[in-house]
> 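Take a look at the following structure, please.
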Amino acid sequence: MSELPSAYDPNEVEGPIFASWIDGGHFGSRIVPGVRPYSVVIPPPNVTGSLHMGHALNNTIQDVVVRRQRMLGRPTRWVVGTDHAGIATQNKVEQKLAAEGKSRHDLGRDAFIEACWEWRHEHGATIIGQLKAMGCSCDYSDEWFTMDPTYQAAVRKVFVAWFDKGLIYRGKRIINWCPRCTTALSDIEVEHEDRAGHLWHLRYPLEVPVGGVDHLVVATTRPETMLGDTCIAVHPDDERYRALVGSMVVLPLVGRRIPVVADAHVDPSFGSGAVKVTPAHDPNDFEISERHGCEKINIMNADATISVEGGAYAGLDRYEARERVVADLDALGLLVAVDDHAHSVGQCYRCQTVVEPWLSDQWFVDMRPLAEPAIEAVRDGRVTFHPKRWENVYFLWMENIRDWCISRQLWWGHRIPVFYCDACGWSGASEHDIERCPKCTSKAIRQDEDVLDTWFSSQLWPFATLGWPESDERLDYFYPTNMLSTARDILFLWVARMIMSGMYFNDGKVPFDDVIIHPTVFNAEGRRMSKSLGTGIDPLELMEHYGADGMRFGLMLQVTGNQDIRFSEEKLISSRNFSNKIWNASRFVFMNLDGYVPGPPEPMTVADRWILSRLAGLAARVGEGLDTYEFGEVARSLYDFFWNEFCDWYIELAKGRLQAGGEQRASVQRILVFVLDQALRLLHPMMPFVTEGIWRRLPLLEADRAASLMVAAWPDTAGLARFTDPAAERSVARLIEVVGGIRAVRSRYRIPPKQGLEAVFRTAGDAEQTWVTTEFGQMSALAGVSSFSAGTDLDKPPHSATVIASGLEIYLPLEGIVDFAAEALRLGKEREGLSADAAKFERKLSNEGFLAKASPEIIEKDRAKLAEISEQLKLVEAQLAELA
RNA sequence: GGGCGAUUAGCUCAGGGUGAGAGCACUUCCUUGACACGGAAGGGGUCAGAGGUUCAAAUCCUCUAUCGCCCACCA
């Protein structure tokens, strides 16, 4: 029946099984009218990316949920695809060009975009192939890319809709500028990090002294920005400066006359209480300048060199300029002091370059009107986060949401669909390209140069991948999706925005019901996994060593409500071993199926009733755990049941009955096949390959068969509940304890496995006596007991070991098995040695001189040693007593 | 400044009011016809600290310490 090798080899098994799934068409999504579907969209990985541990975890979670729903009989749709990843992809392609000594400007916009598409075609399939290696059951026949033509249409539709509603506007504002990527970033694309820096105190002379005061001192962390100062602000209630408000300061190095203004934003207790205001390079200063009508002078170029507005410093890099400005002020005697000062520095989330707050013309989305219904949807439970505590994080951000800067000064991406007529000055947004001005019919029409933030298109993923804005039956059937699983770092960047846009464009229907925020995978040292730091672990390598199932299950074991995972490869080792255990337990069943006739399970023994009852409990726990996304608990339940109950006890018990033949054999075969079948179904979502590889060979009743385990029926929890049998569970728990106690005696006396033992049970009454003779009889072989007797009046035979288990007293006569003379002699000598040692330490520890003068560590060490010796002594004495 | 998470065996972590658990590591024994990626038996923990609630606290509450993460217009 079976020529299965004795070790499970994932590399041998996985490929053909995956191919068979594809060939069987089991991944495809079908619309089955009247049947409730289950749909999930994958968080689209960057097209430049390759699989990392975060993907491995996230996609295992999704696959577990999707496979289980598929087995429940629901039409499933797991959307797969990649994100065009504007900045990341543009950077990659620019790097490639740089290696050839070229820049994107050498190519020009069209050729550069062409090069990006080439990159996408060359590398875009990498990560999809890796998902396949993991066994992910996505619908690969319907792969999406966030720059597909239909997707582009969706993006334009959204832009124009919001533009027409006035929700998208253009404005000159302070934004975060990455001088290396030379683009604007949104607030949440900036990573803040505290850095050691300085606070420079600068003296600014007054044009005309006021009441004997001829200068002000201001403090700054970025002295080079003083070139763009256009006023000085003090708090209106600050007595020290009240008289100076309205007077003029002459800006050093520049010579500009700038006013002193009073503004409540200023904290009088910080620094000198007077603030230099640089409206074009600081958001707060911008606000102050707006309130007081001060000039806004941009002193920086796009590459963070000083602009012509910086006069003598023009052309210098921002850090060179800082040094020069400080040195020049110092030379003029205007540098009052320099303090050490740690402050937060913003960095580009794509290239880690320090960003500049920079005044420029950008496109924004007015988020407040969009946020309100999205807050309400979470508040009233239409969208539920798991774990729930993330909802507070969501609320906090959403309730304080700020306008979203969506324009990027890049070439790769969705070009902003706004057109300008140079002839008549008309401008407007359009879903389709415009050749002629709709107002003056001039052909002097040009499109906005900027592209949209990648996340602007990503936010449409749940419905754009269903064919929106075209009316599409898929949209009606599969939207809203059921679950979204993702890492916490894109909660704002992506999840919140999907809820907002999903509701806006789908009649208020939320894009998904449940949001799983899974733990972040850190390395063993607790540090972020990063390819560039060399602290990453490659999932593909893990799969080579442990199999896809080993990696998947190992990850699932580590998913708890915790927010971090310190990745533990040991869990993968146990999971790989678990695959092997499943494989071999199945081999055992196959090897014992000669003459098997399929049939429903009919329990004959307490062990049968026990394993079926345990199976019923397992199915209930697994179902419930998957419903509440408690993957770690589900994995542990599966592991414990299969290994510690089914393999360690049921299979061991089955061996004798398989040997016995006849009705016993037929019965146990059916239970074995039934339990294995059901267990494989429960295990399949987490370990799809090994379970599928075995399941197909199981000789099942016609009604239980399916083309593949992945489309076989999920165990019927309610139906299995009929096997629930607390009495059998209690009985077997007691048997396990009794057998364990007897085994412990065997182990203690080194009784060889083949040496049978006699067991004498002293029982408290008839019920117990019956239990021993009927139930223990079935298990006696597991304890190596060859004969046993039970009675209320049986005495302890001489030279017996005693086992006390579950209220039973069991004597094991060891006469003729253990050489008592020799054993007693050995133990006697051991006792003498131990006693002498103990006495020595006791003397030492009662010597007051020693206690007073020896170091505490030594005393502690000796005490511990004494305790250890006393313990050993007790054990030896107990053994001597047993032998007496 | 605000919020969240963590602190349990040598290591990595579950658990979450009434018997302190797993995997790995360690010790001893076992190549027995499923599996040495295995089996059996063991050793090992004041559950971060201090208070409180309770018949009962590792578990609930308060505070403290340490570590980590997120948010915030920290000139």
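By convention in this document, chain letters (A, B, ...) are assigned in the order of the sequence lines, proteins followed by strands, and residues within each chain are numbered from 1.
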> Between V275(A) and D564(A), who's closer to the 5' end of RNA chain B by nearest nucleotide?
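In this pair, the answer is D564(A).
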
> R636(A) CZ to rG16(B) C1': how many Å, rounded?
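In whole Å, rG16(B) C1' and R636(A) CZ are 13 Å from each other.
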
> Hey, does the side chain of N562(A) come within less than 4.0 Å of rA14(B)'s phosphate (OP1/OP2), counting only N and O?
yes

> In chain order, what residues pass the salt bridge (Lys or Arg N to Asp or Glu O under 4.0 Å) check against K296(A), with sequence neighbours excluded?
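By the salt bridge (Lys or Arg N to Asp or Glu O under 4.0 Å) rule, K296(A) matches E290(A).
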
> Find which nucleotide of RNA chain B each of D187(A) and A744(A) is nearest to by heavy atoms, and output the residue with the more 5' nucleotide.
A744(A)

> I'd like to compare against my own output: the B/S/- annotation of nucleotides 29-39 of chain B with a strict under-4.0 Å heavy-atom distance to protein.
-----BB-BSS

> Check the distance between rG68(B)'s C1' and E193(A)'s CD and give it to me in whole angstrom.
15 Å

> Between rC71(B) atom C1' and R488(A) atom CZ, what is the distance in whole Å?
13 Å

> What about W390(A) and F385(A), are their ring centers closer than 6.0 Å?
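No: the rings miss the under 6.0 Å criterion.
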
> Main chain of G656(A), side chain of R665(A): is a donor-acceptor contact present, judged purely on distance under 3.5 Å?
no

> Mind calculating the distance between CG (D339(A)) and C1' (rA75(B)) to the nearest angstrom?
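Value for this atom pair: 13 Å.
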
> Can you tell me how far P of rC70(B) sits from CG of D194(A), to the nearest Å?
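The distance from CG of D194(A) to P of rC70(B) comes to 12 Å, rounded to the nearest Å.
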
> Take atom CD of E624(A) as the centre, draw a 6.0 Å sphere, and report whether it contains more than 12 heavy atoms from other residues, nucleotides or ligands.
no

> Do the two ring centres, one from F578(A) and one from Y639(A), sit under 6.0 Å apart?
yes

> Quick one: does NZ or CZ of R497(A) land under 6.0 Å from the six-membered ring centre of F492(A), within 45 degrees of the ring axis?
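Pair R497(A)/F492(A) does not count as cation-pi.
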
> Can you measure Q755(A) atom CD to rA41(B) atom P for me and round it to whole angstrom units?
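Distance check: Q755(A) CD to rA41(B) P gives 19 Å.
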
> Between rG42(B) and rA56(B), how far apart are the two C1' atoms, rounded to whole Å?
31 Å

